[in-house]
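Input: a single structure, listed below in structure tokens.
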Amino acid sequence: MLKEFLLSTTWPMTPPTMFSLFHILPASAGILLALLAACFLARRPAIRPERMLFSCGLFLLVMEIYKQMFLYQIVNQKQYDWWYFPFQLCSVPMYLCLLYPFFAGPVSVQSPAQKILATFLQDFGLLGGIMALTFPEGFLTSWWVLTIHGFLWHFLLIFIAVYCMRKGLCDFTENGFVKTLPLYALCCLIAATINTAVQWTVYPRSYTDLFYINCFFPSEQPLFHQISLALGNIWGHLAYMLASCIGAGLIHQICRKAVHLP
């Protein structure tokens with residue numbers, strides 16, 4: 001029954017190209033709707049942030065389960081492709097939203113851990129969503145469901161980030177951003193561990209590049225690929241991680257200004 005359900009959603013399509021109307025129009029409309037929805041819902045005091053973020057995480061989880069089943073059953077013919085293991089930067093918000101309620105402090109008081117999670121969702125989540133929608137080659141596929149999944153996923157990342165900002169869940173100070181860096185480093189460590197484990201066990205049958213820091217290969221990102229070739233893989237990946245932190249830091253400052261803080 002499961003395979004029959006998946007087969008009923010196998011609608012093939014010609015893979016769209018980046019910066020085509022198929023890319024620009026849905027991306028622009030989706031981002032606008034995500035911004036409007038986040039601002040609207042952030043003004044509703046009856047909706048508790050814990051429930052909102054947990055609901056977003058649950059929706060992302062359902063989407064991810066469907067995607068993994070579709071890839072396994074339909075695309076890869078019952079062979080797991082570790083490239084699609086859900087632990088990229090854009091996957092982390094799913095886990096953080098699901099964990100957010102479990103770090104709650106006293107009633108009606110946001111805990112320090114929740115503030116760090118919300119700040120990460122704002123800074124790194126918005127970075128991942130914007131970059132993926134600007135360069136969506138990774139999810140412009142030959143299947144409608146996977147392409148739509150990619151757009152919806154990153155629209156929701158933008159919604160979550162702006163909701164956290166407008167709801168005042170984030171720590172907008174410079175120290176608030178600094179507190180997210182250990183969490184980012186932990187995610188990178190987990191990603192690198194998985195990359196290494198896959199490399200030592202199932203490669204070359206399968207390959208993964210979680211967080212784009214597989215140290216067995218040069219960086220796949222254009223500028224950082226050249227750094228990897230010139231100075232070595234480690235330096236290319238470190239430069240990429242540093243650039244990600246700088247990008248998230250810039251978003252942190254922009255959000256700070258957006259809420260009219262000095």
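Position 1 is the first residue of the sequence, and the numbers go up from there.
Using a 4.5 Å cut-off between side-chain heavy atoms of Ile, Leu, Val, Met, Phe, Trp and Tyr, with links allowed through other members, Val109 and Met52 fall into different hydrophobic clusters. In the hydrophobic cluster analysis, where Ile, Leu, Val, Met, Phe, Trp and Tyr join through side-chain heavy atoms closer than 4.5 angstrom, Leu71 is grouped together with Leu7. The same ILVMFWY cluster, assembled from side-chain heavy atoms under 4.5 Å apart, contains both Met165 and Ile47.
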Give the intermediate values and the outcome of side-chain contact (heavy atoms from CB on, under 4.5 Å) for residues Phe139 and Leu146. CA-CA 7 Å; Phe139 60 81; Leu146 295 182; over 6 Å; no

Please walk me through it: do Leu133 and Ile31 pass side-chain contact (heavy atoms from CB on, under 4.5 Å)? CA-CA 9 Å; Leu133 288 169; Ile31 291 172; 3.8 Å; yes

Determine, stepwise, if the pair Tyr212 / Phe217 fulfils ring pair (Phe, Tyr, Trp, His ring centres under 6.0 Å). CA-CA 10 Å; Tyr212 300 105; Phe217 302 94; over 10 Å; no

For Leu183 and Leu96, run side-chain contact (heavy atoms from CB on, under 4.5 Å): C-alpha distance rounded to whole Å, both residues' side-chain angles, the deciding distance at 0.1 Å, then the answer. CA-CA 11 Å; Leu183 178 56; Leu96 299 188; 4.1 Å; yes

Go through the steps to decide whether Trp82 and Tyr203 satisfy the test side-chain contact (heavy atoms from CB on, under 4.5 Å), and finish with yes or no. CA-CA 10 Å; Trp82 281 89; Tyr203 183 82; over 6 Å; no

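Side-chain contacts under 4.5 Å among hydrophobic residues (ILVMFWY), followed directly or transitively, place Leu21 together with Leu25.
Partners of Tyr80 by side-chain hydrogen bond (donor to acceptor under 3.5 Å, both in side chains), not counting sequence neighbours, listed by chain and number: Gln68. For Phe19, the ring pair (Phe, Tyr, Trp, His ring centres under 6.0 Å) criterion is met by His23, not counting sequence neighbours. Every residue was checked against the ring pair (Phe, Tyr, Trp, His ring centres under 6.0 Å) condition with Phe54, not counting sequence neighbours, and none meets it. In this structure Tyr163 satisfies the side-chain hydrogen bond (donor to acceptor under 3.5 Å, both in side chains) test with no other residue, sequence neighbours excluded. Partners of Lys167 according to the side-chain hydrogen bond (donor to acceptor under 3.5 Å, both in side chains) rule, which considers only residues two or more places apart in sequence or in another chain, do not exist here. Qualifying ring pair (Phe, Tyr, Trp, His ring centres under 6.0 Å) partners for Tyr240, counting only residues two or more places apart in sequence or in other chains: Phe224.
Residues Phe177 and Phe172 fail the side-chain proximity criterion, which asks for heavy atoms closer than 4.5 Å. Residues Thr193 and Thr196 fail the side-chain proximity criterion, which asks for heavy atoms closer than 4.5 Å. In this structure, the side chains of Val145 and Tyr66 come closer than 4.5 Å at one or more pairs of heavy atoms. Residues Trp83 and Ser206 form no side-chain contact, since every pair of their non-hydrogen atoms from C-beta on lies 4.5 Å or further apart. Looking at heavy atoms from C-beta onward, Thr9 lies out of side-chain contact with Ile74 at the 4.5 angstrom threshold. At least one side-chain heavy atom of Cys215 sits under 4.5 Å from a side-chain heavy atom of His237. Side-chain contact between Pro15 and Leu140 is absent, with no heavy-atom pair separated by less than 4.5 Å. Looking only at side-chain heavy atoms (C-beta outward), Ile227 and Ser219 stay at 4.5 Å or farther from each other.
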Validation: residues 120-128 side-chain donor-acceptor distances under 3.5 Å, sequence neighbours left out:
{"residue": "Asp123", "atom": "OD1", "partner": "His252", "partner atom": "ND1", "Å": "3.3"}
{"residue": "Asp123", "atom": "OD2", "partner": "His252", "partner atom": "ND1", "Å": "2.7"}

For residues 151-158, dump all side-chain donor-acceptor pairs below 3.5 Å to protein atoms at least two apart in sequence or in another chain.
{"residue": "Trp153", "atom": "NE1", "partner": "Cys90", "partner atom": "O", "Å": "2.7"}
{"residue": "His154", "atom": "ND1", "partner": "Gly150", "partner atom": "O", "Å": "2.7"}

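Atom CD1 of Ile24 is separated from atom CE of Met18 by 11.0 Å, given to the nearest 0.5 angstrom. Atom CD of Glu4 sits about 9.5 Å away from atom CG of Leu2, to the nearest 0.5 Å. To the nearest 0.5 Å, the span separating CZ on Phe135 from CD1 on Ile130 amounts to 12.0 Å. Gln88 contributes atom CD, which lies 11.5 Å from atom SG of Cys187 (distance to the nearest 0.5 angstrom). Annotation: the span from Leu117 atom CG to Leu53 atom CG amounts to 9.5 Å, rounded to 0.5 Å. Thr180 contributes atom OG1, which lies 13.5 Å from atom NZ of Lys115 (distance to the nearest 0.5 angstrom).
Between Phe159 and Ala34, the shortest heavy-atom distance links the atoms CD1-O, 3.7 Å. When all heavy atoms of Glu64 and Pro86 are compared, the closest pair comes out as OE2-CB, 3.4 Å. Listed here is the closest heavy atom pair of Leu210 and Asn195: N-OD1, 2.9 Å. Closest approach of Tyr100 and Gln114 over heavy atoms only: O-NE2, 2.9 Å. A pairwise comparison of heavy atoms in Thr173 and Asp171 identifies OG1-OD1, 2.7 Å as the closest pair. Nearest heavy-atom pair across Arg166 and Ala42 is CB-CB, 3.6 Å.
Sorted by first and then second residue, the side-chain hydrogen bond (donor to acceptor under 3.5 Å, both in side chains) pairs with a member in residues 220-233 read Tyr207-Glu220; sequence neighbours excluded. Screening residues 132-146 for side-chain hydrogen bond (donor to acceptor under 3.5 Å, both in side chains), with sequence neighbours left out, gives Thr141-Thr147. Residue pairs that meet the salt bridge (Lys or Arg N to Asp or Glu O under 4.0 Å) test with at least one member in residues 34-57, sequence neighbours left out, are Arg48-Glu50.
For the pair Asp209 (side chain) and Ile213 (backbone), a donor-acceptor distance under 3.5 Å is present. Using a distance-only test at 3.5 Å, with no hydrogens or angles considered, no donor-acceptor pair links the side chain of Asn214 to the main chain of Ala192. Between the side chain of Ser20 and the main chain of Pro16, no donor-acceptor pair closer than 3.5 Å is present.
Classified by interplanar angle (parallel below 30°, tilted 30° to 60°, perpendicular above 60°), the ring pair Phe216/Trp200 is perpendicular.
Heavy-atom neighbours of Phe59 CZ from other residues, nucleotides or ligands within 6.0 Å: at or below the threshold of 12.
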